[in-house]
Amino acid sequence: MIAPQERLIAAIARLILDPTAPPARHIAVGAASPIPAAACWLVKKLGHPVRLSLLHRPSGNPFTEGTRELFDLAGQGRIDLFFLGGAQIDGAANLNMIGTGAWPGTTARFPGSFGSAFMYMMTPRTILFREEHTPRVLVDKVDCISAPGTSEQGVFRRGTAQALVTGRCVFHFDGTRFTLASLHPGETAESVRAATGFEYAAPAEIPATPDPTEAELALLRGPVCDEMLETYPEFCQRVWQRSSFEGQAA
Amino acid sequence: MIAPQERLIAAIARLILDPTAPPARHIAVGAASPIPAAACWLVKKLGHPVRLSLLHRPSGNPFTEGTRELFDLAGQGRIDLFFLGGAQIDGAANLNMIGTGAWPGTTARFPGSFGSAFMYMMTPRTILFREEHTPRVLVDKVDCISAPGTSEQGVFRRGTAQALVTGRCVFHFDGTRFTLASLHPGETAESVRAATGFEYAAPAEIPATPDPTEAELALLRGPVCDEMLETYPEFCQRVWQRSSFEGQAA
Amino acid sequence: MPHREIDQLAARIPDGASLALPPDNSLSPGALARALVRRGARGLRLIGVPVSGYATDLLIGAGCVASVMTSAVTLGEAGTAPRFTAAVKAGTIEVIDATCPAIHTALQAAEKGAPFMPLRGVLGSDLVAHRPDWKVIQNPFADGSDPILLVPALQPDFAAFHAVCADSQGNIYVGRRRELATIAHAAKCSLVTVERMVPGNLLEDELMAPGCINGVYIDSVAVAERGTWPVGLLDEYPLDAAHFREYATLARTDAGFATYLERFVHIDARVAA
Amino acid sequence: MPHREIDQLAARIPDGASLALPPDNSLSPGALARALVRRGARGLRLIGVPVSGYATDLLIGAGCVASVMTSAVTLGEAGTAPRFTAAVKAGTIEVIDATCPAIHTALQAAEKGAPFMPLRGVLGSDLVAHRPDWKVIQNPFADGSDPILLVPALQPDFAAFHAVCADSQGNIYVGRRRELATIAHAAKCSLVTVERMVPGNLLEDELMAPGCINGVYIDSVAVAERGTWPVGLLDEYPLDAAHFREYATLARTDAGFATYLERFVHIDARVAA
């Protein structure tokens, strides 16, 4: 029995390892991102040489200059890959993390933009991740742009979205538009089209998102979960029925 | 027997305590400045509440952000008084710490400007100190300006020189020109005029630079020297015949 | 009088002051925020460095806040910040949205005494249009077109945070949470709560000094044991996740929030902890 | 082969590279400078952060240096730097004069990935006229006239310094000498000598972490005991004042400097220490 989260983790790990993308030697993962964090740990436990900077670890966080160090690292070009989400994501890969209705979010107010307006432009690769895949989230045009998916000529920018992973499918992004790349179990070309508020390209035959391999599942349920327990105890309990206490004993 | 250095220290201490000048709650002293440092310690040991930040103490230096912290402190306006010298000082209080002849000092090359071009303008009060008082040092016009004594209208500047203390006398500076304020023993209005390359004002009667009081001398030779031994062992040996070892035992 | 010392500290922050607060993972002064609620502070202009959490949501809920400049308000794993969200919908607070590195950059400009600092990125975000205090200029060092954002220096009236300990000279120890040094350098006045006082001079200890903030920046220190609670403190005590969930649940409604204030703010929070 | 490890480190710095070095009071890599002399480095473009001392004077004397960007070159209590002064008079090196906060500001711009940073002061100094890479603009945030200096980002090819220790992940401990973190962040490549290797992960230790630089910035580490000598190392060993005086005396003449190289650089300096 493969948990849906395990499939998302494995799908993100494959995107990280995509040989056609710029190398991901150093990956940073923001707060409250258990699935991207697990994908990074999976890549590392698979034996790939990658440096992980995980924010908001309660102990032993990687930074000694305070929280600005993540942004300084990105400014220096030392972070190859970052993850972003969005309360709204549109077909041009624009992200809205602020709100809907009149500024600053009189209809619905979201937490805020965090560092997205900077990280999205300073990082060569961004993997967008949002589990909820509905027309409410994947919209034709975001109500406001926290972080732009593309920039005008002459604006300094190192990269943009590589892909968007949702609870239903994987989209690739080519710098202009999304293309449906694979479908998770139970989804069809039609079900994804109905759940998506923006236009995207789709090949005639859409492959299924591969299941995690047995080796990947073993890593996820063992050493990856061990690494995750301190930061994401509730996630580990929910997906792997493992509590912190066992983890620390392991 | 009062050492000449002791008189200079006491003269600087009086300038620090000048009630007509802006308050000196926090004084920073640069490297290789034993006489200004001793003057600050004297003020403190006299019981005045003053915070001292002494650069280049081998241990326990006051900074935890590295050497930039001194300049950031000055930028914030948190340093009330600083000391500067100059291989050349002219009548407009301009300082040359770079060289003479063609830039960057083909006739004589000095160490360099250090932080003078910033500190002089960001600190409300600067006391200039140079023991050598000759027409070679006190010049009509510096060969080049490391740090300007005055600034054009509209240029951000918090202050300039309060005074210039030399081995012969004390000058006050009013923002435009120097005025001879007091003569050290053995000097006359004429001897100072002959030794000075720049024009300055002088009252008809020029007072003598006061000797340090007995209380001041006792403080200098005891607790002030104790504080100075670690950073300035050679100075303490020369002026007070005290070695580090005795100082640590004291 | 269990709150005496911290209530005196809170009394130093006048109504209408701008107040910079660290996020929930970085020595946030929970006890001081509760003291500000007890004193009935009004019109505070909060600054989240770079994001805001429990303390900000609590102060908003208690009616202490006029505006909040921040990059996000969140309770982390416990979800969205309910009183912030309610106040935005009700229009009772002004929100000045920023993005994390813009907050850091603005404080670093103040730290250096520079009137502004440039920041890459951000252009194309609607943040720019809603921040009339920001400017976009052509990079004077570039040959071709190269627009760049300039952020003005941000000098908060007050910075407030918790530290592990303080010595008698006012030097405080915050360990690796160096962003607190930036806030203390940038702010006009820094108020700090600590777990305990220690003898000697922290800056004379080579092992402790790197995690210290020099007392030159610190205006007042008050002892407040478990002063970050319900947030954790480095390796000394962890975040109280159960309390965060309880807060998040109660704060969903006005009545629940009133109950929270009654149970955890107007009585001794330290006993409850 | 007593120099093997450090000579390999020195071999990583090619002729013509720009190389940022800390001053004599901040973990200056004396042993590495001597290794660069042994390898016969040429055309180095040194950067003093923010001032220069023994290592710079030694490298200049040995003919390794094309230019030095610095705010001052000095041997501290031992007086002026004789080989630097001689080279300026002889016109054999280019001097790019700076002022301390301009060096810090330029490195901090590189640290933040910003193309430039403003700096107060300096205007009216002849430094400005001799730094065509600096620009003066009108402060875009000011109403009245307010000229301000802009300093472009400075990204050295290499940073080199000594640290107390390193762990197997490449994290290093420099204690309160945080300016070394700025150099490491700003430089393309950081080479570090250490007194010793330590087990475990320094960043997992709350007491050590605040004085560490993350291994993400460190490209190579070599063990060099007494690696700052003749400069001191925090509270581990003091500056060797007698050796500084000896250097200052010998380096006054070409012949004396040759003797110095023979006695302290081309043989094992650590034995001599």
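Each chain gets a letter, A, B and so on, in the order its sequence line appears, and its residues count up from 1. Small disclaimer: the values here were computed from a predicted structure and weren't measured.
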Pro115(C) and Arg120(D), any side-chain heavy atoms less than 4.5 Å apart: yes
Side chain / backbone / both / neither for Val136(C) at chain D, heavy atoms under 4.5 Å: neither
From CG (Asp133(D)) to CZ (Phe141(C)), nearest 0.5 Å: 7.5 Å
Polar side-chain atom of Arg176(C) near backbone of Leu203(D) as donor-acceptor pair, under 3.5 Å: yes
Considering all heavy atoms, the nearest Pro140(D)-Phe116(C) contact: CD-CE2, 3.7 Å
Distance-minimising heavy-atom pair for Leu234(C) and Glu206(D): CD2-OE1, 4.1 Å
Side chain proximity check, Lys112(C) to Gln108(D), heavy atoms < 4.5 angstrom: yes
Heavy-atom check, side chain of Pro210(C) versus side chain of Cys212(D), under 4.5 Å: no
Where Leu207(C) and Tyr173(D) come nearest, the two heavy atoms and their spacing: CD1-OH, 3.8 Å
